[in-house]
Amino acid sequence: MAASSFFTEFPHLLTPSAPIEAPWLSRCATQVAPDLLGCLLVRQFPDGTCLRSVIVETEAYTPGDPACHAYRRRTTRNAIMFGPAGFTYVYLIYGMYHCLNVVTDVDGAPSAVLLRALQLETVAAIANPRQEKPHRVAAGPGKLCRALELNLSHTAQPLQPDRALWLEHRPPSLDTPLQSEAIAITQTTRIGLTQGADRPWRWYISDSPAVSRR
DNA sequence: TACGGGATCTGT
DNA sequence: CAGATCCCGTAA
């Protein structure tokens with residue numbers, strides 16, 4: 001299967017790939033965010049079933065970034081961002097949606113990557129009451145957490161295999177130089193911000209139908 | 001203790 | 001384009 005069709009078509013039959021470890025995430029969020037495109041997010045539900053998905057849209061939030069929740073100071077909510085990489089940062093937005101971040105960079109550098117959209121391997125395993133098109137079910141940070149049933153109990157959790165959430169590297173079939181060239185990435189400014197809106201720190205897989213917005 | 005803003009989504 | 005809905009940071 002060509003790399004391009006992998007992202008434009010429904011990614012059935014995703015197979016396990018090598019887990020992403022903390023050191024790989026211990027880089028600047030603006031480096032990690034585009035690197036996470038094409039990687040897999042695995043959700044293990046309380047009953048033990050796993051749902052795999054392809055990360056297709058991300059945003060970076062860094063130290064010194066006025067849009068970053070850790071911009072002002074360390075608080076109870078953002079404390080996890082100040083620690084080492086490899087943990088989740090989940091927060092409640094507008095009283096009804098949650099957003100999932102991956103903590104990045106070294107200990108003491110508060111930063112994270114917001115996961116904005118996923119292409120799920122299958123929607124048969126999750127509730128889809130609105131009968132949405134499968135590739136739109138996780139198209140947006142709030143919808144993503146709704147689909148994966150993530151809430152505040154999932155913040156500050158380590159991203160490790162056999163936990164509630166973990167990351168895996170791009171499938172080997174996509175990791176060769178030739179095929180990676182087929183993964184066109186678009187870089188734009190971030191969505192919905194009142195501060196720091198000028199920084200071009202949003203990335204998405206250009207031809208993915210699961211991207212939240214163009 | 002009180003107040004109000006917010007990295008969203010949906011239907012009109 | 002307005003409304004839903006609530007945690008938490010900030011000020012008092």
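Side-chain atoms are counted along with the backbone in the values below, which use heavy atoms only and exclude waters and symmetry mates. Naming: A, B, ... by sequence-line order, numbering from 1 per chain.
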Original post:
Which atom names give the shortest non-hydrogen contact between Met96(A) and Leu92(A), and what distance separates them?
Top reply: N-CD1, 3.8 Å
Subject >> Contact interval (first through last nucleotide) of DNA chain B with protein chain A, 4.0 Å heavy-atom >> reply: dG6(B) to dG11(B)
Solution key, residues 105-115 of chain A side-chain donor-acceptor pairs under 3.5 Å, sequence neighbours excluded:
residue   : atom : partner   : partner atom : Å
Ser111(A) : OG   : Thr104(A) : O            : 3.2
Ser111(A) : OG   : Thr104(A) : OG1          : 3.0

Original post:
Do any pairs count as a side chain to side chain donor-acceptor pair (under 3.5 Å) and have a residue in residues 50-61 of chain A, sequence neighbours left out, and if so which ones?
Top reply: Arg52(A)-Glu168(A), Glu57(A)-Arg116(A), Glu57(A)-Arg202(A), Glu57(A)-Ser212(A), Glu59(A)-Tyr61(A)
Side-chain polar contacts of residues 142-149 of chain A - donor-acceptor pairs under 3.5 angstrom, sequence neighbours left out - could you list them?
residue   : atom : partner   : partner atom : Å
Lys143(A) : NZ   : Glu132(A) : OE2          : 2.8
Lys143(A) : NZ   : Arg136(A) : O            : 2.8

What pairs with [X] under side chain to side chain donor-acceptor pair (under 3.5 Å), at least two apart in sequence or on another chain?
{"X": "Thr76(A)", "answer": "none"}
{"X": "Tyr204(A)", "answer": "none"}
{"X": "Asp198(A)", "answer": "none"}

Original post:
Will you find, in the side chains of Ser206(A) and Thr186(A), an N or O donor that is under 3.5 Å from an N or O acceptor?
Top reply: yes
Report the distance from atom [atom1] of [X] to atom [atom2] of [Y], rounding to the nearest 0.5 Å.
{"X": "Glu121(A)", "Y": "Leu40(A)", "atom1": "CD", "atom2": "CG", "answer": "9.0 Å"}
{"X": "Thr88(A)", "Y": "Leu100(A)", "atom1": "OG1", "atom2": "CG", "answer": "7.0 Å"}
{"X": "Phe87(A)", "Y": "Leu25(A)", "atom1": "CZ", "atom2": "CG", "answer": "11.0 Å"}

Give every donor-acceptor pair under 3.5 Å between a side-chain atom in residues 16-23 of chain A and any protein atom, sequence neighbours left out.
residue  : atom : partner   : partner atom : Å
Ser17(A) : OG   : His169(A) : O            : 3.0

Original post:
Start at the 5' end of DNA chain B and walk down; is the nucleotide closest to Thr194(A) or to Arg146(A) reached first?
Top reply: Thr194(A)
Subject >> Salt-bridge criterion met for Asp35(A) and Arg170(A) (N-O under 4.0 Å) >> reply: no
Subject >> Strand contacts (DNA chain C) in residues 88-99 of chain A, 4.0 angstrom heavy-atom criterion >> reply: Leu92(A), Tyr94(A), Gly95(A), Met96(A)
Subject >> Proximity to DNA chain C (any heavy atom under 4.0 Å), residues of residues 68-77 of chain A only >> reply: Arg72(A), Arg73(A), Thr75(A), Thr76(A), Arg77(A)
Original post:
Can you list the stems that DNA chain C is part of, where a stem is at least 3 pairs in a row, each Watson-Crick or G-U, with both distances below 3.5 Å?
Top reply: B:1-6 with C:6-11, B:8-11 with C:1-4
**OP:** Please list, in 5' to 3' order, the outermost nucleotides of DNA chain C lying under 4.0 Å from any heavy atom of chain A.
**Re:** dA4(C) to dT10(C)
Original post:
Would the Tyr91(A) and Tyr89(A) ring centres measure less than 6.0 Å apart?
Top reply: yes
Original post:
Are more than 12 heavy atoms from other residues, nucleotides or ligands located less than 6.0 Å from atom CZ of Arg73(A)?
Top reply: no
**OP:** Provide the distance between the two P atoms, one in dG5(B) and one in dA2(C), to the nearest whole Å.
**Re:** 16 Å
